[in-house]
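All values below were derived from every heavy atom in this structure, side-chain atoms included, with hydrogens, water molecules and symmetry-related copies excluded. Residue numbers count from 1 along this sequence.
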Amino acid sequence: MTCPICRYETGDGKYCKKCGARLIIEDSPVFAAMKEQAATSEVYSVNRRSASSKGEITHARQIESALPVYTPPDIPFRAAGRQHAEEEEEPNPYWTSLKLYGQLYGDYFLKGLRHPFGAAAGTESGQFFNAIVSMVLYVVLFPLALYAALHHELQGLPEGAFADLVLKPIIWTAIFLFLLNAFTFAAVKLSFNPTAKLKEVMARFGALLPIFLVLYVVSFLFLFLNGDISKVIILLSFISTVMTVPLFVMTSYKRRMVGGGLDPLYAILLVYVALMLVIVILGSSMIEYITVL
């Protein structure tokens with residue numbers, strides 16, 4: 001088969017092995033149309049020579065005007081090189097990266113949900129970004145769950161309540177969660193592993209959050225059954241996060257400070273004391289927001 005572009009003799013296939021152009025198969029509509037055009041042109045050339053030899057130029061022009069004009073068939077045929085490039089075009093790299101990250105975070109989330117402590121103990125700083133995503137979800141879901149519970153109980157809230165009960169609490173919840181990570185990191189450094197890194201501690205902290213994220217989502221479902229149960233789930237999830245996550249992050253490290261360092265009991269107590277001081281510093285608005293239910 002001959003390539004219509006570079007005239008290279010190539011074997012069977014859809015594209016030229018030399019230039020990549022699309023080959024025209026003999027049984028295709030394009031080939032039939034080109035064959036018909038070639039036959040018409042040949043007839044026209046014969047008539048032209050005959051007319052010139054007899055001096056009948058006028059008659060030849062009439063024949064020329066009467067010849068049919070080739071119109072390409074209405075088929076979805078594109079330029080060979082462009083079509084070949086489009087068929088081999090790779091998918092959007094951003095969409096591919098997004099799907100890949102979704103799979104990675106899904107694995108991180110499911111491991112933390114099935115075996116929280118085991119997942120935290122095996123988590124390293126490479127999972128830091130996944131932990132940040134879990135913390136962002138936590139910071140958003142906690143105020144939203146409380147807002148939904150209040151809205152359900154009071155059968156509506158006044159104008160501007162969304163900013164006061166969701167947007168502002170998102171800010172102090174984010175600050176509170178970051179300080180909780182910082183205090184946990186300090187406790188790990190003082191009592192368990194002096195070489196621990198902040199990213200690794202935060203990655204392990206995030207690995208313990210999936211169960212609490214699921215509980216916040218479950219609290220939305222209980223609004224349709226019993227609003228009181230929904231409020232209990234929300235408060236239980238928040239208190240459990242504060243009391244258990246720092247402790248389990250600390251114990252996920254093997255203690256390397258033999259004969260020295262701060263005792264783990266005192267370390268976790270210092271974390272709790274520091275958290276109480278943070279609550280006092282943040283002001284009464286935070287306490288009222290937590291106890292408003």
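In this structure, K189 contributes its side chain and P194 its backbone to a donor-acceptor pair below 3.5 Å.
Atom CG in L179 sits 11.0 Å away from atom CG in L277 (nearest 0.5 Å). K231 contributes atom NZ, which lies 15.0 Å from atom CG of L236 (distance to the nearest 0.5 angstrom). For the atom pair CD1 (I211) and CG (L209), the distance works out to 11.0 Å, reported to the nearest 0.5 Å. Summarising the geometry, atom OG1 belonging to T244 is positioned 7.5 Å from atom CG belonging to L208; distances are rounded to the nearest 0.5 Å.
Of all non-hydrogen atoms in L215 and I233, the two that sit nearest each other are O-CG2, 3.4 Å. Nearest approach of F205 to M135, heavy atoms of both residues: CD2-CE, 3.9 Å. In terms of heavy-atom proximity, F220 sits nearest to A148 at CE2-CB, 3.6 Å. Contact between L180 and V271 at its shortest, heavy atoms only, is CD1-CG1, 4.5 Å. A145 approaches S219 most closely through the heavy-atom pair CB-OG, 3.8 Å. When every heavy atom of A267 is checked against every heavy atom of S191, the shortest pair comes out as CB-OG, 3.7 Å.
Counting heavy atoms from C-beta outward, L198 and M202 have side chains that approach closer than 4.5 Å. The closest side-chain heavy-atom distance from Y108 to F129 is not below 4.5 Å. Between F183 and P246, every side-chain heavy-atom pair lies at or beyond the 4.5 Å cut-off. Using a 4.5 Å cut-off on side-chain heavy atoms (C-beta onward), S252 and F117 make contact.
A donor-acceptor contact closer than 3.5 angstrom links the side chains of Y253 and E200. Side-chain polar atoms of Y105 and S134 form a donor-acceptor pair below 3.5 angstrom.
No close placement of the F212 and Y138 rings is indicated, their centers lying 6.0 Å or farther apart.
For the side-chain contact (heavy atoms from CB on, under 4.5 Å) criterion with L141, the lone passing option out of L146, V217, I234, T173 is V217. Checking L137, V214, L104, N130 one by one against F109, the side-chain contact (heavy atoms from CB on, under 4.5 Å) holds for a single residue, V214.
Y147 and V232 fall into different hydrophobic clusters, defined by Ile, Leu, Val, Met, Phe, Trp and Tyr side-chain heavy atoms under 4.5 Å apart, directly or through other members.
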Fill in: L275/F176 under side-chain contact (heavy atoms from CB on, under 4.5 Å): CA gap, chis, key distance, verdict
CA-CA 8 Å; L275 290 175; F176 183 81; 4.1 Å; yes

Fill in: Test side-chain contact (heavy atoms from CB on, under 4.5 Å) applied to V249 and F185, step by step
CA-CA 9 Å; V249 170; F185 168 68; over 6 Å; no

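For Y272, the OH atom sits in a packed shell: over 12 heavy atoms of surrounding residues, nucleotides or ligands are nearer than 6.0 Å.
For R204 and F248, the positive end is not near the middle of the six-membered ring at less than 6.0 Å and at most 45° from its axis.
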